[in-house]
Structures are given as structure tokens and as C-alpha cells.
Number of protein chains: 2
Amino acid sequence: MTDSKESRGPRAKAAGKRRQLTAAAARVLHEQGVERTTIADIARAAEVPAGNVYYYFKTKDELVEAALSEHASHLETLTGRLDQLADPRERLKGLVDAWVSQRDTAARYGCPMGTLASELDKRAEGGLDLTAGRVIRQLLEWVEAQYRQIGVADPEGHALALVGAYQGMSLLSNALRDPEVMAREGARLTRELDSLGC
Amino acid sequence: MTDSKESRGPRAKAAGKRRQLTAAAARVLHEQGVERTTIADIARAAEVPAGNVYYYFKTKDELVEAALSEHASHLETLTGRLDQLADPRERLKGLVDAWVSQRDTAARYGCPMGTLASELDKRAEGGLDLTAGRVIRQLLEWVEAQYRQIGVADPEGHALALVGAYQGMSLLSNALRDPEVMAREGARLTRELDSLGC
DNA sequence: GTCTATACCGTGATAGAC
DNA sequence: GTCTATCACGGTATAGAC
């Protein structure tokens, strides 16, 4: 944790496997769901010896948390790239475009964060939460900031509506197994962004 | 199946337990999720002897299917009641009101159909689907019919947007553990319905 | 026709070999 | 420091008792 991952020797190998495992966890947990995914599934996907996983993650929950961080960092990368656009309205349209470009995955497995959120919510049994709500809140706040810069009234409400629309269209697209749902809804959202404050 | 449920004698008792079990299944599967729920959980909730469940349902999937039908019939009851309103616009506003009135449950466990849909989707492994998509499609079609009666352009698109907004706000409300999200979004949807075609 | 004891399997986790 | 043989538990489903 404290030292660089690419030092050399066995440490590098270990860090490599850990990264492989987190990446595989993010992918497989999304595709199969948390409860249906076994440690062995993740190990296989990461091409790591099966029982060996517990050396890197002491528990299954730790793997889930790692996957969550993975999604959070993907989100940060995306918003970071969008932040380089000058116009906040264009940034939001870019966000919608990014969502729509993932429509095939969404139709097959749903929104990565959304499906994780509902599953983890039912996992929290009094114990401490692996709250995916944190990541969603992060997204909401970024979107809200864009609306605020545009100067619209009730930026928080607008953010809820936009992110909610994303979650909704992902779920519908998944339930109906039809990526076109994402495309149609995405087009509508873009239109609404264009005609904002007219 | 062929004879009335309230005949008399042991048959009545059996039918009663079957109904108790489906009702309990619908409730518990929604609260805990399909994968985390054991047959024993449902038996306990239905106050039916544990191992005994298999007499009424040969497999867990049959219980899930029963729960699905339960939700479908709830939906039919609701739309049936709304159909008695004269104005299709009022019918849609009534639908939104019904959603918002369930906000506390949604904040705790998500939308019953929505969460089931994402879980069942990941359960379908090549085998035949316990597709919750059917129920959602049913809702979509009813909503679409209302928009068509109102005479708006692209009623299908409007239906997708409305039902999608519902699913989205349920998920966000659940992830953030905040029923107010439902109230705010519901108000927005009602406002949009009022100013439709102006 | 209704219910219960039990088989059997897959899972997460660990003690200890390399 | 890295990995594997093994355990104990809890789940679904069934054979057969009432």
C-alpha cells in the first residue's frame, strides 16, 4: 500500500494480481450480481488460483468494496475528462453520450452502480454499509454543480431528475433487453438539455 | 386449481396456506432480495412449517413466479381503479400519486418490480426466464394508452420516460435512503403532466 | 393429503505446506 | 511472502412417516 506498485520482484507480481482481481471483481459482480458470484468465479476471471484469493482479500465483502472503488474511479476519470469542456451544458450532454455509448452493456446487465446499489442495500443488515450510495451521491453532486453553473433554478432537483432518468432507462433497457431504450431516452435528455431555459 | 378455494375441509386449509405463502413470498423476496431469501424465511413469514413448503411449491423458482404474479395482480387492481377516472391525464396523475404514497417502502427496499427485474435478469442462465419484464411491459402499455388518449405525439416515448422516471427515483430514493426524493420527483412529474401540450 | 427427517451439494473461510 | 488441501456451515430438494 505504501510502496509503489511497480517496484520489482515478487511485490510487483502481488500488486498485479491484486489489480487483476479488483478488475475482475468489478466486471463479474456486475454481470452475475453479488450474491450469485462466488470467490471462485472471480478467481477464474482474474486467472488467479482459486483458493488463493483470500491472501489478497480477507473476505468477500472486501472484494465488493474493491469493485465499488473501481467504479468510483471510473466515474472520476469520466467527469475529469468532461471537466475540460468549457460549457457546463456540453459537459452534461457529454455525460449522456457516455451513458448511451454503454447501452449494450446496460441492456444486458443494467447500470453497474445502480444494480450494485440495490443489491448492497439489501446486504446491509444492521452492520456497516458497503454503501454504493456514496458513489451515486458523488455523481449527483457533480451533475448539480453543472446545473448550478448553467444558472438554472433548483439545480439539485435537476440533478435528481437527470441521474434518475439514467437509472430508470438502464433498468428498463435491462428488463426489456433492448438497448434502443437507452438511445431513445438519451436523445430526449439531450433535447431537454438543449432547450433548457428557453 | 379447478375447484373453488373456499369449498370446505382440508382443501380450504391448503389453499389458504398457499395464498399465505405467495403473499409472504412477495413481501420477503422484496425486502431481502431473491438470492438472500431462503425457503425457511418465507415459511416463517407465512407461519407455515418450514420443510413443508415444498408440498405447495416444488421449487424456489415457483415461489418467485408466484410472487411475480402477486405483483402483477396488484398492478392490475391499481390500473383498474384508475380506469374509472374520466380524464386520462388524471389517471396518470393518480398513478404518480400511488407511487409517491409508497415512498417509505421504496426508500427502504426499492420498487418491488424494479428490484425483482434486475435480480431475475441475472438469474436467467440460458434457461427459461422468470421475466419480470412482462409485468413492466404491461405497465408501459397501460401508460402508453393513456398518453395516446391524451393525443400527445410519440406516446411510447412518453411512457418510457414516465415509467423510467419512476424506476429511477425509486432506485435513487433507495440508494440515498431518502423518501423525500420520491416526493420531489413525483411533484415534478405531476407538474409536467399538468403542463402537457401547452 | 399433509408434513418432517435427512441427503447432498456448494459456499466462504482457515490452517498450514511450499 | 505465496498458495493449496480441507473444514464447517447452510442451502435446496426428496424420500418416506403420519
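Reckoned from all heavy atoms, side chains included, excluding hydrogens, waters and symmetry mates. Chain letters run A, B, ... following the sequence lines, proteins first, then strands; residues in each count from 1. Quick caveat, the model's predicted, so the values are computed rather than measured.
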Please check if atom CZ in A/R177 has more than 12 non-hydrogen atoms from other residues, nucleotides or ligands closer than 6.0 Å. yes

OH of B/Y109 to CZ of B/R27, rounded to nearest 0.5 Å, is 10.0 Å

Could you check how far OH of A/Y56 sits from C1' of D/dC3, rounded to whole Å? 8 Å

Between the side chains of B/R91 and B/Q84, does any donor sit under 3.5 Å from an acceptor? no

How many whole angstroms separate atom CG of B/N52 from atom P of D/dA13? 15 Å

Given C/dC3, D/dT12, C/dA13, identify the nucleotide with an atom nearest to the side chain of A/T59. C/dA13

Value in whole Å for how far the C1' atom of D/dT14 lies from OH of B/Y55: 15 Å

Between P of D/dA13 and CD1 of B/I39, the distance in whole Å: 6 Å

Round to the nearest Å and state the distance from A/D41 atom CG to C/dT11 atom P. 7 Å

Whole-Å distance, B/R123 CZ to D/dT12 P, equals 9 Å

Candidate nucleotides C/dT11, C/dG1, D/dC3, ranked by approach to the side chain of A/T38 - the nearest: C/dT11

Quick one: B/E62 CD to D/dT14 P, roughly how many Å, whole number? 11 Å

B/P49 has a side chain; which of C/dA13, D/dT4, C/dT4 sits nearest to it? C/dT4

In plain terms, say whether A/R123 and A/D61 are close enough for a salt bridge, that is, a side-chain N and a carboxylate O under 4.0 Å apart. yes

Rounded to whole Å, the CZ-P distance (B/F57 to C/dT2) equals 14 Å

Closest to the side chain of A/K17, out of C/dC3, C/dG12, D/dC3, is D/dC3

Starting the side chain at C-beta, find the nucleotide from D/dT14, C/dC3, C/dA13 nearest to B/Y54. D/dT14

